[in-house]
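Proteins come first, then strands; the chains are lettered A, B, ... in the order of their sequence lines, and each starts at number 1.
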2 protein chains.
Amino acid sequence: MSVNLNAAPSAPAANASLEPLKVACASCNLRELCLPVGLNSGELQKLDGLVAQRRTVPRGEHLFHNGERFEALYAVRTGFFKTCVGSEDGRDQVTGFQMAGELLGLDGISSDRHSCDAVALEDSSVCVIPYAQLEGLSREFSVLQHQFHKIMSREIVRDHGVMLLLGNMRAEERLAAFLLNLTQRLHARGFSSSSLVLRMTREEIGSYLGLKLETVSRTFSRFQDEGLMEVKQRQLRILDLAGLQALVNNSPC
Amino acid sequence: MSVNLNAAPSAPAANASLEPLKVACASCNLRELCLPVGLNSGELQKLDGLVAQRRTVPRGEHLFHNGERFEALYAVRTGFFKTCVGSEDGRDQVTGFQMAGELLGLDGISSDRHSCDAVALEDSSVCVIPYAQLEGLSREFSVLQHQFHKIMSREIVRDHGVMLLLGNMRAEERLAAFLLNLTQRLHARGFSSSSLVLRMTREEIGSYLGLKLETVSRTFSRFQDEGLMEVKQRQLRILDLAGLQALVNNSPC
DNA sequence: CGGGATATTGAATCCCGTCAAACGTAGTGG
DNA sequence: CCACTACGTTTGACGGGATTCAATATCCCG
């Protein structure tokens with residue numbers, strides 16, 4: 001049973017990947033998590049004029065590719081994405097998982113080209129935010145400007161947290177921290193904070209956390225044995241939140 | 001000895017940590033690496049009006065602390081910094097090393113508080129860029145706005161690269177990548193790209209790379225044995241650049 | 001229903017961390 | 001100037017946590 005928030009309002013069209021149809025930011029239930037935070041109604045209207053296009057991305061498809069020309073940011077409306085970077089040799093690293101209300105493509109600003117791949121992990125839809133126009137509008141509205149800067153800064157802070165995780169934590173702590181982060185974000189979107197469906201494979205979790213898929217699987221099993229949670233494939237239920245938090249906070253030394 | 005942040009701007013006092021003295025952005029030799037990239041002379045002048053203050057930070061002192069109120073960004077003028085984040089338990093992680101022309105404090109925008117510590121690794125000086133005023137000016141000048149966005153985006157891209165390093169690479173590759181990055185940035189600033197002085201300890205390198213100081217030391221020794229470089233304490237000279245690059249690019253598998 | 005992708009589990013291996021000792025360097029003050 | 005100390009670095013031996021290789025189980029989609 002997939003999470004189905006904000007299904008397209010009608011969309012009778014064939015399943016083209018572009019939809020002219022649109023939900024105004026003003027009436028979008030993600031507005032408090034997304035770019036429009038703090039805008040008044042006039043500003044919201046202007047922003048709406050800019051976000052004219054929506055795009056759906058079927059599961060497994062790319063929203064954009066590494067190296068592609070950067071022209072727009074994308075706000076996740078429904079669904080779930082991963083972003084990953086790759087090195088010259090085949091290795092690649094998942095750099096993040098994005099859910100409703102989160103922005104994709106910020107990495108592209110630096111060089112006018114996307115520097116990672118964005119892939120939908122379930123059928124998804126995004127709002128297309130042409131970047132040049134966003135810069136223009138954020139010169140007009142300082143609230144929008146500030147909110148945009150906050151979003152970029154937040155991404156930097158998040159990345160630093162991931163570095164801490166990758167550099168200092170052991171497998172159990174990494175996985176616990178990951179799950180707590182996931183449930184917290186889901187909770188902020190109105191979902192249960194104890195029961196969730198993993199949208200990604202063990203391998204993708206492992207890539208994000210700097211672990212091999214076998215280690216992720218084994219650690220899940222151990223958590224289950226210890227009564228911290230129930231895992232069955234992608235279905236996960238947290239039984240002992242405090243126990244998980246303790247794992248993250250308590251130094252092993 | 002606590003950091004003397006933001007004393008009154010007048011304060012002609014002896015060698016306080018604040019200097020009213022100032023070098024115009026227009027005549028700063030870092031201008032092509034820093035915020036002013038692409039500005040015309042009128043715009044440069046406006047920016048100069050904003051960057052009214054310089055601050056010196058002695059080796060070992062903090063430029064800012066985690067949790068402190070965020071009010072300004074800092075552009076490194078001379079010297080060398082590290083930034084680090086810490087978890088509730090004592091562990092901390094170096095998230096970056098900053099040299100001349102690079103910006104510090106971007107993490108603070110997200111929550112109006114700094115979310116990391118910035119520490120000078122040698123006697124350093126920075127330009128203070130009051131953030132509210134920078135937002136104002138970047139609403140006037142789209143070139144400044146865009147350059148600022150590029151800098152933030154570049155930080156995100158860099159962080160993703162570090163994630164790849166921490167998540168996928170082995171000790172040798174991490175250290176090789178680190179050294180190549182360091183020499184490349186030094187080269188861009190007119191220094192030799194083969195000979196350098198490490199401004200940080202083995203422990204700080206290790207923290208950045210997710211390794212223990214002993215591993216860093218051992219790996220340096222191995223590189224030396226293999227004729228890739230000469231290391232003597234902080235003094236380092238690269239003998240086989242191609243060899244180092246090969247280490248980073250060639251998958252071990 | 002069947003087949004490919006995904007997940008679980010075990011056993012062996014290895015890279016890095018840990019612990020410990022010794023050395024070198026820099027800074028201080030007698 | 002040199003002894004003294006604190007700090008950073010090097011190196012060795014050992015252990016452990018994660019990876020690797022491999023076999024099996026399970027799920028999902030057409």
[X] side chain: which of [options] is closest?
X: B/Glu214; options: D/dT19, D/dC27, C/dC19; value: C/dC19
X: A/Ser221; options: C/dT8, D/dT19, D/dT9; value: C/dT8
X: A/Thr215; options: D/dT10, D/dT19, C/dA7; value: D/dT19
X: A/Lys232; options: D/dC27, C/dG17, C/dT8; value: D/dC27

Nearest-Å distance for atom pair [atom1]/[atom2], residues [X] and [N]:
X: A/Leu121; N: C/dT6; atom1: CG; atom2: C1'; value: 14 Å
X: B/Glu230; N: D/dT10; atom1: CD; atom2: P; value: 14 Å
X: B/Phe223; N: D/dT11; atom1: CZ; atom2: P; value: 15 Å
X: A/Gln233; N: D/dT26; atom1: CD; atom2: P; value: 10 Å
X: A/Leu166; N: D/dG17; atom1: CG; atom2: P; value: 19 Å
X: B/Leu213; N: D/dC7; atom1: CG; atom2: P; value: 15 Å
X: A/Lys212; N: C/dT8; atom1: NZ; atom2: P; value: 17 Å
X: A/Arg234; N: C/dA7; atom1: CZ; atom2: C1'; value: 10 Å

Discussion item. I'd like to know if the side chain of B/Gln235 and the backbone of B/Lys232 have a donor-acceptor N/O pair within less than 3.5 Å.
Written reply: no

Worksheet item: Counting only distance, no hydrogens or angles, is the base of D/dG17 paired donor-acceptor with the side chain of A/Arg218 under 3.5 Å?
Response: no

Discussion item. For C/dC15, does the base pair up with any side-chain atom of B/Glu172 as donor and acceptor (N or O, under 3.5 Å, distance only)?
Written reply: no

Worksheet item: For A/Gly206, which contact category applies under a 4.0 Å heavy-atom criterion: base, sugar-phosphate, or nothing?
Response: nothing

Discussion item. Is there a salt bridge (Lys or Arg N to Asp or Glu O under 4.0 Å) between A/Glu102 and A/Arg158? Walk through the geometry before answering.
Written reply: CA-CA 13 Å; A/Glu102 296 177 331; A/Arg158 184 191 71 84; over 6 Å; no

Worksheet item: Is the distance from OP1 or OP2 of C/dA5 to the nearest side-chain N or O of A/Thr201 less than 4.0 Å?
Response: no

Worksheet item: Mind checking whether B/Thr215 and B/Leu209 have side chains closer than 4.5 Å, heavy atoms only?
Response: no

Discussion item. To the closest 0.5 Å, what do you measure between CE (B/Met163) and CG (A/Leu166)?
Written reply: 7.5 Å

Worksheet item: Which word best sums up how the rings of A/His114 and A/Phe70 line up, parallel for under 30°, tilted for 30 to 60°, or perpendicular for over 60°?
Response: perpendicular

